[in-house]
Amino acid sequence: MSETIFIGVAWPYANGPVHVGQLAGCYLPADIFARFHRLKGNAVLMVSGSDQHGTPITVKAETEGVSPAEIVARYHAMFLETWARLGISFDLFTTTGTDNHREVVHRIFLKLLAQDDLYLRTQDGIYDPIARRFLPDRYVEGTCPYCGYSRARGDQCENCGRQLEPTQLIDMRSTLSQGKPEIRPTEHFFLRLSKYNQPLLDWVRRQDHWRPNVRNFTIRYLEEGLIDRAITRDIEWGVPVPVEGFEQKRIYVWFEAVIGYLSASIEWAQRQGEPDLWQRWWSPQAKSYYFIGKDNIPFHTMIWPAMLLAYGGLVLPYDVPANEFMNLERRKISTSQNWAVWVLDVLERYDPDQLRYYVAAVLPETNDGDFSWRDFWRRNNDELVATYGNLVNRVLSFTARNFDARVPDPGQLGEADLGLLRRVDDAFAAVDAAISAVRLRDGLREAMALAQETNRYLDEQAPWNTIKTDREHAGRAIFTAIQAINGLKVLLAPYLPFSSARLHEMLGFADPLEAGGFRPGRVPAGQTLGTLAPLFKKLDESIVEEEQAKLGTADVG
RNA sequence: GCCAGCGUAGCUCAGUGGUAGAGCAGGGGACUCAUAAGCCCUUGGCCGGGGGUUCGAAUCCCUCCGCUGGCACCA
C-alpha cells in the first residue's frame, strides 16, 4: 500500500552558508527519510527554502552595507549548490520572497482575520523621532540596569547575558540616529493562540509516537498556556500586511515563514503543470513530517498547528522529529567565532558520502552530539572503508580474478548460504523499522551490522582456499556474498546515495538503482560486473590536525 | 532565579525494575581474497555522590554536585 509522505524541512536564514550542525539537525535526516520512502514506492514531497526575512538578514545586510535582497540572493545560490553537491534531494527549495508565497500568506492572513483569529491591539512601541520609525528591540541601546554595562541592547545585555525589555535600559538611545527614542502607541495584529491552547493540548497528548522530549516539551508549554502574540512589526523588510492603513508594517517572520511549507507545495505543483497536485500532501491521508532542530520546536508543534487548525482543511503534522544540537570538538558551534565546519568547504576535500556517513552515524537524535575530526577520520577508515568498502572490494576483485568478472553459478545453496540470505532479509526488516520510526542512526547501525555479518561469512567460507580444491563451493560463497552486497547497496542507498549508485553499476546493472525498490533483489548468475574501483578513500591521520587547525580562525563564506 | 533534560568502560554512546552492553582504543591468536583491510578470543565499569521505596534499582522517589537547553517578539 503506497503512502503519501510530506517532508517539511526547516527554512534556513539566508544569512550564511550551511554548517555541519544544520546538516545534522535537519537536512541530512530529512534526505535519508525522503530517499527511503521514495525507494519504498511512496509518494514523497520534500520542500523547504531560504527564509529571507527576519532580523538576522537585515543585520547582516547593514553590516556589509548592501541590500537585504543581495544577501539573500548570495546565500540562496549557495544553499542550492550545497544541496546539489551533497545530494539533499528536495523536490523544491524555494524562498519566502516569491509572489506565490506572499499570496498564500495573504490568503491565510485574511481568512484568519475574517474569522476573528487575528485581531488588532495597540501596544507601546519604541519610536525614533529622528529616523522617523519604530525600532526593533535590538536597535535600542542603553545602560544595563543590572550590571551597568553602557552598551546593552534592548533585547539582551551582552555583558551579563540577561534578557531585557528596552524600557528597562537607562538612557535609552537609538542605534540608528543616536537620538533619544520615545514611547509611542502602535497598532499590531495578534494571533489568537490562546483559543487553540486546549485543542492543541488534546491533540499533542495523543501523539504517542513523538519523541519524548518533543512531546513533553510541548505539553509543558501548553499547560502553562499560550499567550496571543503579535504577528506584525514596524519594519520595512518582510511580507506586507494586506490591510489598508498598514503599509508601513510587515508580517513578522515567525508567522509567515512556516506558511512556506504550504506555499512551497503549491509552487511545486504549479511547476509540475498540475496546480492542484499539492492537495494530495495536505489531505488527511497524508503523513507530514517536519525535520527541524530543537530550537524550532514551538513553531512546529504549537504555532503552525494552531494556524492550520484555524485555517482548516489542512493536515496537521504527523511527526516532528526534532534533533538536539551538534557540538564541534566538544564546544558549541558558533558561526560568529568561526567555530564551525562549513559543508561546502568540507566537500572541497572529501566525498559527499564520507560526510554523510559520519554525520548519519552521530546524529543527535536523543542527546546533543559531537562532531570531531578524529572521530570522522576513525569512522571513515575503520567503518566505512574497512567494514563496508573493503567487503565490496574483496568480493568483487575476487570475482574478477577467478570468475572472469561474472557472477558465479551457485549450484545448490547450503545452510550457511541460506543463513546469510535470511540475514539480509532480516536487515531489511530492521532498517525499515528504524527509518520508519525516524531512528536513522539505528538504521545505519543495522545496515553496517549486515556488512560485518557478511565479512564473517566470507571468513568462514574462505573461498580463497576452496577455489583451489572445490571451485563450485567458492563460486557459491561468492554468489551469496554478492547477493548480500547487493542488499547493502539498497539498505545504504538512503544514507550513501552516491556510492550505492556506483556499486550498482559495478554489480553490472544498467537501470537506475531506484527502480529496484527497497528490497534485497538479486544479481543473476552470469551477470558481468562493471568497472571496479574502491568505493571510498582511506584518509591519512594528518587530516585530523589539519582540519582542527582551521577551527576558530579564517572566515570562510 | 524559575522550568526541563542529561551525568553508564580510556573515547562515543545503547540500555527505564530482575545476574552490567556495543563500537573504537588496549592485549592475545589464527588466516591472507581485500584499501596491512577482515575474522576469533580478551583486559576494562562502587551505571556522578548520598539517602529512600522494593524480594530485587543504572532503571522509580528525595537530595546534593556537575553540564546543557528553554524562559516568548530570537527563530
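In what follows, chains carry the letters A, B, and so on, assigned in the order in which the sequence lines appear, proteins first and then strands, with residues in each chain numbered from 1. Atom set for the values below is all heavy atoms of this structure, side chains included, hydrogens, waters and symmetry mates excluded.
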Indicate, with a heavy-atom threshold strictly under 4.0 Å, whether A:Arg445 touches base, sugar-phosphate, or nothing. nothing

May I ask you to say what A:Pro463 touches in the nucleic acid, namely base, sugar-phosphate or nothing, with a heavy-atom cut-off under 4.0 Å? nothing

Cation over ring face, A:Lys294 and A:Phe217, 6.0 Å, 45°: no

Base, sugar-phosphate, or nothing: which does A:Ala386 touch, judged by heavy atoms less than 4.0 Å apart? sugar-phosphate

Does A:Arg379 make a cation-pi contact with A:Tyr358 (under 6.0 Å, within 45 degrees of the axis)? no

Salt bridge A:Arg456-A:Asp459, side-chain N to carboxylate O under 4.0 Å: no

Which part of the nucleic acid, if any, lies within reach of A:Asn381 when heavy atoms closer than 4.0 Å are counted: base, sugar-phosphate only, or nothing? nothing

Keeping A:Trp254 on the side-chain end and A:Gly54 on the backbone end, is there a donor-acceptor pair under 3.5 Å? no

Let me know the distance between CD of A:Gln461 and P of B:G38, rounded to the nearest Å. 20 Å

Could you tell me whether A:Val385 contacts a base, only the sugar-phosphate backbone, or nothing, with contacts defined as non-hydrogen atoms closer than 4.0 Å? base

Partner lookup for B:A22, please. Criteria are Watson-Crick or G-U wobble with both distances under 3.5 angstrom; report none if nothing qualifies. B:U12

Regarding the side chain of A:Arg401, the nearest nucleotide among B:G23, B:G38, B:C33 is B:C33

Applying a 4.0 Å non-hydrogen cut-off, can you work out what A:Arg374 is touching in the nucleic acid: base, sugar-phosphate, or nothing? nothing

Would a line drawn from the ring center of A:Trp11 to the ring center of A:Tyr13 be shorter than 6.0 Å? no

Mate of B:C47 across any strand shown (Watson-Crick or G-U wobble, both atom pairs under 3.5 Å) is none

Rounded distance in Å - CD (A:Glu383) to C1' (B:C24): 8 Å

For nucleotides B:C47 and B:U8, find the distance between their C1' atoms and express it as a whole number of Å. 4 Å

What's the CD1-P distance between A:Ile126 and B:C73, to the nearest Å? 12 Å

Can you find a donor-acceptor N/O pair under 3.5 angstrom joining the side chain of A:Asp459 to the base of B:G38? yes

Please classify the nucleic acid contact of A:Asp295 as base, sugar-phosphate, or nothing, using heavy-atom distances under 4.0 Å. base

Using a heavy-atom cut-off of under 4.0 Å over every strand shown, decide if A:Leu535 touches base, sugar-phosphate, or nothing. base

Is the ring of A:Phe398 stacked on the base of B:C33, with centres less than 5.5 Å apart and planes under 30° off? no

Remember a base hit wins even if backbone is also touched, and classify A:Asp382 as base, sugar-phosphate or nothing at under 4.0 Å, heavy atoms. sugar-phosphate

Is A:Glu324 touching bases, backbone alone, or none of the nucleic acid, heavy atoms closer than 4.0 Å? nothing

Counting the atoms with a prime plus P, OP1 and OP2 as sugar-phosphate, which does A:Phe536 contact under 4.0 Å by heavy atoms, base, sugar-phosphate, or nothing? base

Which nucleotide in B:A34, B:U32, B:G38 has an atom nearest any side-chain atom of A:Asn455: B:G38

Is it the case that the base of B:A34 and the side chain of A:Asn393 share a donor-acceptor contact (distance under 3.5 Å, atom types as modelled)? no

Given the C1' atoms of B:C24 and B:A4, what is the spacing between them in whole Å? 33 Å

Less than 4.0 angstrom from a charged side-chain N to a carboxylate O is my criterion; do A:Glu182 and A:Arg184 meet it? yes

Presence of A:Arg394 side-chain N/O under 4.0 Å of B:U32 phosphate oxygens OP1/OP2: no

Quickly work out the A:Ile478 CD1 to B:G38 P distance and round it to whole Å. 18 Å

